[in-house]
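We use all heavy atoms of the structure for the numbers below, so side chains are in, but hydrogens, waters and symmetry mates are not.
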Amino acid sequence: MVIQDNLDLMEKLTILSDAAKYDAACTSSGVDKKNNGAGIGNSKACGICHSFAADGRCISLLKILFTNECIYNCQYCINRSSNDLVRTAFTPEEVCTLTIEFYRRNYIEGLFLSSGIINNPDYTMMQLVETVMLLRTKYNFGGYIHLKAIPGASPDIVEAAGWYTDRMSVNLEFPTADGLKRLAPHKNRKAILTPMRQIQNSIQQNRLQVYRKHDNRHHWSHDNIFPKTAPAVLHNKAIAADINSLSVVDSKTSFSGVSTLSGSQHAFTPAGQSTQMIIGATPESDYHIVTIAEALYKQYSLKRVFYSAFVNVNQDSSLPAQPDGKGVPLLREHRLYQADWLMRFYGFKSQELLSEDKPNFNVLLDPKCDWAIRHLEQFPIEINKAPYYTLLRVPGIGVNSAQRIIKARRNARLDFNDIKKMGVVLKRALYFITCQGRMMYNTPIDQDYITNGLIGIDKRRLFDIEHRNTYQQLSLFNDFNIV
């Protein structure tokens, strides 16, 4: 491979922004970080001011690869070494120039930077660290920066990166070590999990230092902030083995990283870390995937697990073809995100949503509705009496509406008009709730009846999901009408 050095900056941007379009880890920062007044940009608690493409992916960050050259030959990757592509690379100064100029034009609010592997992991990671360091120190950029850590890079370099970024991520690539070995033989699970563990430990240590600084009255420990939660007992030996494989790097492993910035006003990766799994290239069931995701949240304190529906961009005959020529199976990705949301915010466990007897999500019903229909013995529940986490299990009631209900019913008895104003979707909830002892209609608590009523809603959503141009990357230079 030969990197084209004679390309101008716009030509490089065209190539390297297109090369980054399959990376799904662009989200809000979740950081309340005030600028010092001397620089430009800010990263607010509610995240970046997003725009979204038709497929729902965030495009408000400048999302680019540092280089599309790669020494690896992963079967699923468009940038694999065996592909005949125009190869190019930015310099750190060029990335800074693009970020600052786009920010000044109000095109973006931050930077998402990843890279192929050029020369070796250490060299690549050093280039990325130099880039974010220049942005923060030379250009005084205070906006959101999400940086991909390179598996196999030295711990010192990964540590240095964490002091200049808001979020870091390391792609797990596939749910299982076997899938990684088969489709990305140059990579291994340990090399991926090692920086994940390091980032987790560094975040925790930095938070402990902050707690000790502000309150010396308490004796803080690792377990005070991140209690260890043992995963549920699994009868499926294959899934249990995959979860155990996530512990290949001990949680107490220490890393001798760079600490020169730890005493300053900076925080180490304040928005936490995330990872991404490719779905559909390997034969794991939905049950297998959500169980692995749940273990990742518990063992690595991740903020997000991203699911990317497999696209056979290389037309590789050894990889799965798209079903019936319909393109990307986005519905499966959508269901996994819904389940992920339930596990993170609604108190659900993976084994409640799926099981060995029911290993995949319902095509016509979202996971919450599907769970409710399979547990009709728990319904209907009384809106004026049900605990918070019971309310969250009702289809049509979300986190915000449940909180409003809890607050409002302290002062009044609620009826259906009241909870509708609070954001409850009665088209879904009416089958599962009572207000002041009465249901909204004379509705039988019958599985077939309720299923038929809910499927009418979900069929419309299913059509919207499956009939989108899923992987068209929005260009910063095209005038699209985005609603």
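Residues Arg80 and Cys70 are not in side-chain contact: their nearest non-hydrogen atoms beyond the backbone lie 4.5 Å or more apart. Under the 4.5 Å side-chain criterion, counting only non-hydrogen atoms from C-beta, Glu69 is not in contact with Asn119. No side-chain heavy atom of Thr269 sits less than 4.5 Å from a side-chain heavy atom of Asp166. Side-chain contact between Val170 and Met196 is present, with at least one heavy-atom pair separated by less than 4.5 Å. Side-chain contact between Ile405 and Tyr388 is absent, with no heavy-atom pair separated by less than 4.5 Å. Between Phe361 and Val290 there is a side-chain heavy-atom pair separated by less than 4.5 Å. Pro367 is listed as a side-chain neighbour of Leu342, based on a closest heavy-atom distance under 4.5 Å. The closest side-chain heavy-atom distance from Leu61 to Ile108 is not below 4.5 Å.
Here the closest non-hydrogen pair linking Met277 and Pro175 is SD-CA, 3.6 Å. The two residues Phe174 and Ala281 make their nearest non-hydrogen contact at CE2-CB, 3.8 Å. The two residues Gly162 and Met168 have their closest heavy-atom pair at CA-SD, 3.6 Å. Scanning all heavy atoms of the two residues, the minimum distance from Ala149 to Ile199 falls at CB-CD1, 4.4 Å. Across Ala177 and Arg189, no two heavy atoms sit closer than the pair N-NH1, 2.8 Å. Ser301 approaches Gln200 most closely through the heavy-atom pair OG-NE2, 3.1 Å.
Here Lys349 does not pair with Glu294 in a salt bridge; the nearest charged N to carboxylate O distance is not below 4.0 Å.
Side-chain atoms of Asn73 come within 3.5 Å of backbone atoms of Ser82 as a donor-acceptor pair (strictly under, hydrogens ignored). Proximity of a side-chain donor or acceptor of Asn314 to a complementary backbone N or O of Cys77 within less than 3.5 Å is detected. A donor-acceptor pair is defined here as one N or O able to donate and one able to accept, closer than 3.5 Å; no such pair exists between the side chain of Asn83 and the backbone of Leu85. Proximity of a side-chain donor or acceptor of Ser17 to a complementary backbone N or O of Leu13 within less than 3.5 Å is detected. Put simply, the side chain of Thr131 gets close to the backbone of Gln127: a donor and an acceptor are under 3.5 Å apart. Within the 3.5 Å criterion, the main-chain N or O of Pro155 finds a donor-acceptor partner in the side chain of Gln198.
Counting non-hydrogen atoms of neighbouring residues, nucleotides and ligands closer than 6.0 angstrom, the CE atom of Met126 reaches no more than 12 such neighbours. With a 6.0 Å radius and a threshold of 12 heavy atoms from other residues, nucleotides or ligands, Lys190 has its NZ atom at or below the threshold. The local environment of NZ in Lys187 is crowded, with over 12 non-hydrogen atoms from other residues, nucleotides or ligands closer than 6.0 Å.
Remark: of the listed residues Arg393, Arg374, His375, Arg393 is the sole one forming a side chain to side chain contact (heavy atoms under 4.5 Å, CB included) with Glu352. With respect to Leu172, the side chain to side chain contact (heavy atoms under 4.5 Å, CB included) criterion is satisfied by exactly one of Leu302, Val305, Leu193: Leu193.
A distance of 10.5 Å separates CD1 in Ile406 from OG in Ser401, rounded to the nearest 0.5 Å. Distance check, rounded to the nearest 0.5 Å: CG of Leu128 to CD1 of Ile145 gives 11.5 Å. In this structure, Lys138 NZ and Cys96 SG are separated by 7.5 Å, a value rounded to the nearest 0.5 Å. Expressed to the nearest 0.5 Å, how far CD1 of Ile292 lies from OG1 of Thr176 amounts to 8.0 Å. Considering OG of Ser350 and OH of Tyr287, their distance stands at 6.0 Å, rounded to 0.5 Å. Rounded to the nearest 0.5 angstrom, Phe102 CZ and Ile64 CD1 are separated by 8.5 Å.
In this structure, Tyr76 has its ring center no closer than 6.0 Å to that of Phe310.
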| request: Decide side-chain contact (heavy atoms from CB on, under 4.5 Å) for Val95 and Leu111; before the verdict, give the C-alpha distance in whole Å, the side-chain angles of both, and the deciding distance to 0.1 Å. | output: CA-CA 9 Å; Val95 176; Leu111 171 68; 4.0 Å; yes
| task | Given side-chain contact (heavy atoms from CB on, under 4.5 Å), test Thr67 with Arg87 step by step and report yes or no. | result | CA-CA 8 Å; Thr67 179; Arg87 308 282 179 169; over 6 Å; no
| request: Could you walk me through whether Met125 and Leu147 pass the side-chain contact (heavy atoms from CB on, under 4.5 Å) test, one step at a time? | output: CA-CA 10 Å; Met125 195 68 203; Leu147 185 68; 4.0 Å; yes
| Stepwise side-chain contact (heavy atoms from CB on, under 4.5 Å) test for Leu354 and Asn360 | CA-CA 7 Å; Leu354 294 172; Asn360 294 304; 5.7 Å; no
| request: Show the numbers, then the answer: is there a side chain to side chain donor-acceptor pair (under 3.5 Å) between Ser154 and Asp122? | output: CA-CA 6 Å; Ser154 298; Asp122 274 356; 2.8 Å; yes
| query | Which is it for Asp18 and Lys12 under the salt bridge (charged side-chain N to carboxylate O under 4.0 Å, His left out) test, yes or no, and what are the steps along the way? | reply | CA-CA 10 Å; Asp18 183 70; Lys12 289 183 180 182; over 6 Å; no
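Residues passing the side-chain contact (heavy atoms from CB on, under 4.5 Å) test with Ala372 are Phe379, Pro395, Phe432, sequence neighbours excluded. Taking Ala241 as the reference, nothing meets the side-chain contact (heavy atoms from CB on, under 4.5 Å) condition, with sequence neighbours excluded. Remark: Arg344 engages Asp340 in a salt bridge (Lys or Arg N to Asp or Glu O under 4.0 Å) (not counting sequence neighbours).
Glu93 and Tyr139 form a side-chain donor-acceptor contact under 3.5 Å, judged by distance and modelled atom types alone. Side-chain contact annotation: Lys148 with Asn171, donor-acceptor N/O pair under 3.5 Å present. Donor-acceptor pairing under 3.5 Å is lacking for the side chains of Tyr107 and Glu101. Counted by atom type alone, Ser202 and Glu159 present one or more donor-acceptor pairs between their side chains at under 3.5 Å. Side chains of His146 and Thr165: a donor-acceptor N/O pair is absent below 3.5 angstrom, by distance only. For the residue pair Gln273/Ser169, the side-chain donor-acceptor check at 3.5 Å is not satisfied. Side chain to side chain, Gln338 and Arg335 meet the donor-acceptor criterion of an N or O pair below 3.5 Å.
For the pair Arg304 and Phe306, the cation sits on the ring face: its NZ or CZ lies under 6.0 Å from the ring centre, inside 45° of the axis. Judged by the 6.0 Å and 45° rule, Arg197 forms a cation-pi pair with Tyr300.
Between Trp371 and Phe348, the angle of the ring planes goes over 60°, which puts this pair in the perpendicular group of the 30/60° scheme.
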